[in-house]
Amino acid sequence: MNAVGQNVSTYLSASAQERPNHPALVSGAMHPKFSSLSFAKLNQIVDQATVELFRNKISPGDRTLLFVNPGPDLIIWAFALFRLGAIPVVIDPGMGLRSFMACIRRTKPDAMVGVSKAFWLSRFLPKSFQSVRRRYLVRPGLYGEDYPNGTKPAEVSADENSLAAIVFTSGSTGAPKGVLYLHRTFASQISALKSVFEMEAGEVDMTTLPIFGLFNPALGITSVLPDIDPRRPAKADPKKLIGTILEHNVTTAFASPVIGERIATECTLKQKRLPSMRRFLLAGAPVPPCLAETLEHCLPNGRVIIPYGATEALPVSWTDGNQVKEAKESILAGKGSLIGRPTPEARVVLVPVKQAPLPDYSSDYAGLHSGEVGEISVSGPMVTAGYDRMPGATCDARFKIGNLVYHRMGDLGYFDGAKNLRFLGRKVECVQSQAGPIETERCEPAIAQLAGVKRCALIGIGKPPCQEPCLVIEPDRSFVRKAGEVILRKEILLTARRMFPEYNISRVIFERKMPVDARHNAKIHRLSLSKKWTPRVLKKPALGKLQ
């Protein structure tokens, strides 16, 4: 193996040298046999894992499906693959078996590092795994002293522009895509966490999103792994999460709004505060102003931070709870969710909403003017290298302004008078009515804050450009039992007509449970709702209307 270059795993080696005895991983009840690993011990185990992979013929450049349990296994084996020079392929198992298998077939991995369940699945569905030539079974006992020793390997050198990993999107508005992460992409994101969000070595992070745990060892930050099923964050026990924060003096956390809401509700109900917290990052879906305000009240020494980005580019911009609180009135009035100012290294422009591919623009093109709605696009070191083995999708998502390559985020928005970026919703979910386009974030925040409404989605009934705007509501069942659906529907329609008369919303449909993404449990699948309810409304035109 060659000398150390720009390999991502060198960050872990540096943390092990600088903070050898400081805890790197601390686990909760989810891993009862595992209590704590120092940075030195974690680095040693990664070395041992690297030797095991090398012995089993996994080589630099091998695309390696990483099919392990979230938590310590994901962190250890990902860094072992980095160190070896192999390319971990990370797919969210919560996306469903059919999508998961499609991702494997498209990626065509050379190798697999997985638990016994992965081996069983590969035998049961061999066609999806036919490209896999080498397999390594991850057995229990990795954290014990009896794990096989081997000659300490050196990190494989890696040019900053070489491929580090393939990380799949959640597929919330389409088929999941493999995103190409270069070593410089990871380096840029690590730098942003330090400079933009002021994360420091020695802090303690409650890691609710497994993939985010890969950044902590590189930052010298302790990862506390709470008792939570990462595939179902909406079912997390807030009492356990709060207990984890208090017990371990957690200073930072990155979570979906669903988890943030559960913690904020429990803290408010039990009158608890989280004094050790410096920051609580909420991402994955728009953050309601009331949530930002309530959660920030629970952090006497910290603040709520709302970063904006996607698997393809993160972070793009950010704001905090105080700014959202100040913008609350405009957000509820339909001016869009606040996602703040671009990060220092991000160049953000708004381009006209057009079908792909976009033309390339001259170097003096500055995008749409302030207040004009367009598609949010970004250029900078945080932007990944495109989609794996999907040249058409990569071409559709990219365009140039001069010599700079921009990525189309697929989101609609605009710059307001204060030069803050406003988010109006996904481009593909915009309702195309006869009166014109209606972005989802125009009216959803105002309806979602009504009593009796747990979740709200604006969908289009019918085909563009003649869709009927319709509100789909996941109601609070206790409210409905007391007041009834008719009362709730009437209140929703009165609010929509009063605040947004130009949208002509006259139909409210109740959905027992909204379909949401597996990663955050926060992004609503509006397209699937539209597909479900369009034929039902056409069959029964009075559905969802006041009688």
Side-chain angles (χ1 to χ4, degrees), residues 92 95-96 99 102-103 168-179 283-286 308-314 316 334 336-337 339 348-358 368 372-378 386-387 390 392-399 406-414 421-445 455-472 503 505 511 514-520 522-535:
D92 192 337
M95 68 174 59
S99 294
C103 292
F168 272 81
T169 64
S170 62
S172 58
T173 54
K177 303 180 186 72
V179 179
Y308 166 72
T311 308
E312 297 91 336
L314 183 73
V316 174
S337 293
I339 51 178
V348 177
V349 298
L350 279 297
V351 296
V353 181
K354 294 182 179 179
Q355 293 295 324
L358 249 61
L368 299 177
E372 292 184 307
V373 176
E375 183 174 2
I376 302 171
S377 304
V378 59
Y387 298 114
M390 298 182 73
T394 300
C395 180
D396 288 348
R398 303 291 163 101
F399 66 93
Y406 280 75
H407 174 75
R408 304 168 65 184
M409 297 293 287
D411 295 328
L412 300 177
Y414 68 96
L421 197 57
R422 296 284 188 136
F423 172 76
L424 292 174
R426 296 290 291 168
K427 182 175 66 173
V428 297
E429 293 176 339
C430 181
V431 176
Q432 303 296 334
S433 72
Q434 288 182 316
I438 309 173
E439 299 90 357
T440 57
E441 283 297 298
R442 291 289 191 188
C443 62
E444 285 184 2
R455 282 191 172 111
C456 168
L458 177 72
I459 67 168
I461 298 295
K463 295 182 178 180
C466 299
Q467 290 182 309
E468 176 200 344
C470 169
L471 290 169
V472 180
Y503 299 156
I505 297 172
E511 183 83 26
M514 290 283 199
V516 294
D517 70 296
R519 184 170 297 172
H520 302 289
K523 296 177 183 175
I524 299 171
H525 292 303
R526 295 173 182 83
L527 298 181
S528 65
L529 286 172
S530 180
K531 185 177 180 180
K532 171 183 176 179
W533 288 106
T534 289

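- In this structure a side-chain-to-backbone donor-acceptor pair under 3.5 Å is present from D517 to A522.
- No side-chain heavy atom of I438 sits under 4.5 Å from any side-chain heavy atom of Q467.
- Looking at heavy atoms from C-beta onward, I339 lies in side-chain contact with I376 at the 4.5 angstrom threshold.
- Within the model, atoms CD of Q432 and NZ of K463 stand 15.0 Å from one another, a figure rounded to the nearest 0.5 Å.
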V351 vs F399, test: side-chain contact (heavy atoms from CB on, under 4.5 Å). Steps then yes/no. CA-CA 10 Å; V351 296; F399 66 93; 3.6 Å; yes
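- Between E511 atom CD and I459 atom CD1 the span is 8.5 Å, to the nearest 0.5 Å.
- For the atom pair CG of L350 and CG of L421, the computed distance is 6.5 Å after rounding to the nearest 0.5 Å.
- By the 4.5 Å heavy-atom criterion applied to side chains, V179 and Y387 are counted as neighbours.
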Before you tell me yes or no, could you show the steps for W533 and I461 under side-chain contact (heavy atoms from CB on, under 4.5 Å), namely the whole-Å CA-CA distance, both residues' side-chain angles and the distance that decides it to 0.1 Å? CA-CA 7 Å; W533 288 106; I461 298 295; 4.0 Å; yes
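- Under a 3.5 Å cut-off, the side chain of E375 and the backbone N or O of G410 do form a donor-acceptor pair.
- Between F423 and Y308, the ring-plane angle classifies as tilted under the 30° and 60° cut-offs.
- A pairwise comparison of heavy atoms in E441 and G425 identifies CG-N, 3.9 Å as the closest pair.
- For the pair S530 (side chain) and R526 (backbone), a donor-acceptor distance under 3.5 Å is absent.
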Verify side-chain contact (heavy atoms from CB on, under 4.5 Å) between H520 and S170, making sure each step is shown before the conclusion. CA-CA 9 Å; H520 302 289; S170 62; 5.7 Å; no
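- Note on R422 versus E439: no salt bridge recorded, every NZ/NE/NH1/NH2 to OD/OE distance being 4.0 Å or above.
- Within the 4.5 Å cutoff, the side chain of V472 has no heavy atoms near those of the K532 side chain.
- Looking at E444, its side chain does come within 3.5 Å of a backbone N or O of L458 through a donor-acceptor pair.
- Ion pairing between R426 and D411 holds under the 4.0 Å rule for side-chain N and carboxylate O.
- Within the 4.5 Å cutoff, the side chain of C443 has heavy atoms near those of the I505 side chain.
- Summarising the geometry, atom CD belonging to E312 is positioned 7.0 Å from atom CE belonging to M409; distances are rounded to the nearest 0.5 Å.
- For the pair Y414/L368, no side-chain contact is recorded, criterion being any heavy-atom separation below 4.5 Å from C-beta on.
- Between atom CG of residue L529 and atom CE of residue M514 there is a gap of 6.0 Å, rounded to the nearest 0.5 Å.
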Could you walk me through whether R398 and R408 pass the side-chain contact (heavy atoms from CB on, under 4.5 Å) check? CA-CA 6 Å; R398 303 291 163 101; R408 304 168 65 184; over 6 Å; no
